[in-house]
Amino acid sequence: MTSWLLLLGAIVTEVGATLSLRMSATGDRRWYLPVVVGYLLAFALLSGALAAGMPLGVAYGIWSAVGIVATAVLSRILFREPLTPLMLGGMGLIVVGVLLVELGGSH
């Protein structure tokens, strides 16, 4: 359970850092601090999830897949960036791929 909470924290901080990176691209340098702190914290939490026993392939797959989907959806909401049916289909394939990796690792 601890590894899953650490992974969730890693995902939330990584997505927050990535959204902050988008804000920093507007020229507002105040967003650089949350970018750096968020990425450092995300990697520390991911490392903690691995140390707590989560397999690397599972942790990284879930981290990246959920991060991609959450970032795309939040970018649509916050920044009015496109989210096309083709993009949604690609995200669906990523999620299915991660599920297959996780199921394959349990056998």
Side-chain angles (χ1 to χ4, degrees):
M1 184 58 134
T2 300
S3 61
W4 287 100
L5 291 174
L6 290 165
L7 181 61
L8 178 62
I11 292 167
V12 169
T13 55
E14 188 269 336
V15 169
T18 302
L19 295 172
S20 297
L21 183 63
R22 172 65 169 84
M23 291 301 297
S24 71
T26 65
D28 188 350
R29 294 182 182 209
R30 293 177 293 177
W31 290 99
Y32 290 149
L33 182 61
V35 170
V36 172
V37 171
Y39 284 132
L40 288 173
L41 187 56
F43 280 104
L45 290 166
L46 180 59
S47 178
L50 298 175
M54 184 172 283
L56 177 60
V58 171
Y60 188 73
I62 292 170
W63 183 48
S64 58
V66 173
I68 288 168
V69 172
T71 301
V73 170
L74 289 171
S75 293
R76 172 70 181 140
I77 294 167
L78 297 172
F79 308 120
R80 309 238 188 269
E81 292 184 354
L83 190 59
T84 66
L86 188 59
M87 293 168 73
L88 292 169
M91 286 185 269
L93 289 173
I94 290 168
V95 170
V96 168
V98 168
L99 290 173
L100 291 174
V101 168
E102 185 171 354
L103 290 173
S106 65
H107 286 92

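Numbering of residues begins at 1 and proceeds along the displayed sequence.
- Counting heavy atoms of neighbouring residues, nucleotides and ligands inside a 6.0 Å radius, atom OH of Y39 exceeds 12 of them.
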Set out, in order, the CA-CA distance, both residues' side-chain angles and the distance that settles side-chain contact (heavy atoms from CB on, under 4.5 Å) for M54 and W4, then state yes or no. CA-CA 8 Å; M54 184 172 283; W4 287 100; 3.5 Å; yes
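- Looking at L83 and L88, their side chains come closer than 4.5 Å, going by heavy atoms from C-beta outward.
- Counting non-hydrogen atoms of neighbouring residues, nucleotides and ligands closer than 6.0 angstrom, the CZ atom of F79 exceeds 12 such neighbours.
- Rounded to the nearest 0.5 angstrom, L46 CG and E14 CD are separated by 10.0 Å.
- V66 and V58 fall within a single hydrophobic cluster, where Ile, Leu, Val, Met, Phe, Trp and Tyr side chains are chained together by heavy-atom contacts under 4.5 Å.
- Scanning both residues, L50 and A59, for their nearest heavy atoms gives CD2-CB, 3.8 Å.
- Contact detail for L74 and L19: the closest heavy-atom pair is CD1-CD1, 3.8 Å.
- Residue L8 is not grouped with residue L45 when hydrophobic side chains (ILVMFWY) are merged at heavy-atom distances under 4.5 angstrom, including chains of intermediate members.
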When you look at Y60 and V98, which way does the side-chain contact (heavy atoms from CB on, under 4.5 Å) test go after all the steps? CA-CA 9 Å; Y60 188 73; V98 168; over 6 Å; no
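- For T13 (side chain) and A10 (main-chain N/O), a donor-acceptor pair under 3.5 Å exists by modelled atom type.
- Hydrophobic clustering, with ILVMFWY side chains joined whenever heavy atoms are under 4.5 angstrom apart, keeps V37 apart from M23.
- In this structure, R76 and P82 approach most closely via the heavy-atom pair CD-C, 4.5 Å.
- Smallest separation of non-hydrogen atoms from I94 and I68: CD1-CD1, 4.0 Å.
- Residues V69 and L99 are members of one and the same hydrophobic cluster, defined by side-chain heavy-atom contacts under 4.5 angstrom among Ile, Leu, Val, Met, Phe, Trp and Tyr.
- Tracing side-chain contacts under 4.5 Å through hydrophobic residues (I, L, V, M, F, W, Y), one never reaches L56 starting from L5; they form parts of separate clusters.
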Pair W31-L21, side-chain contact (heavy atoms from CB on, under 4.5 Å): steps then yes or no: CA-CA 7 Å; W31 290 99; L21 183 63; over 6 Å; no
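- In plain terms, the two heavy atoms of V15 and A70 that are nearest each other are CG2-CB, 4.0 Å.
- Formation of a donor-acceptor pair under 3.5 Å by the S75 side chain with backbone atoms of A72 is not found in this model.
- Minimum interatomic distance between Y32 and S24 (heavy atoms only, all atoms of both residues): CE2-CB, 3.5 Å.
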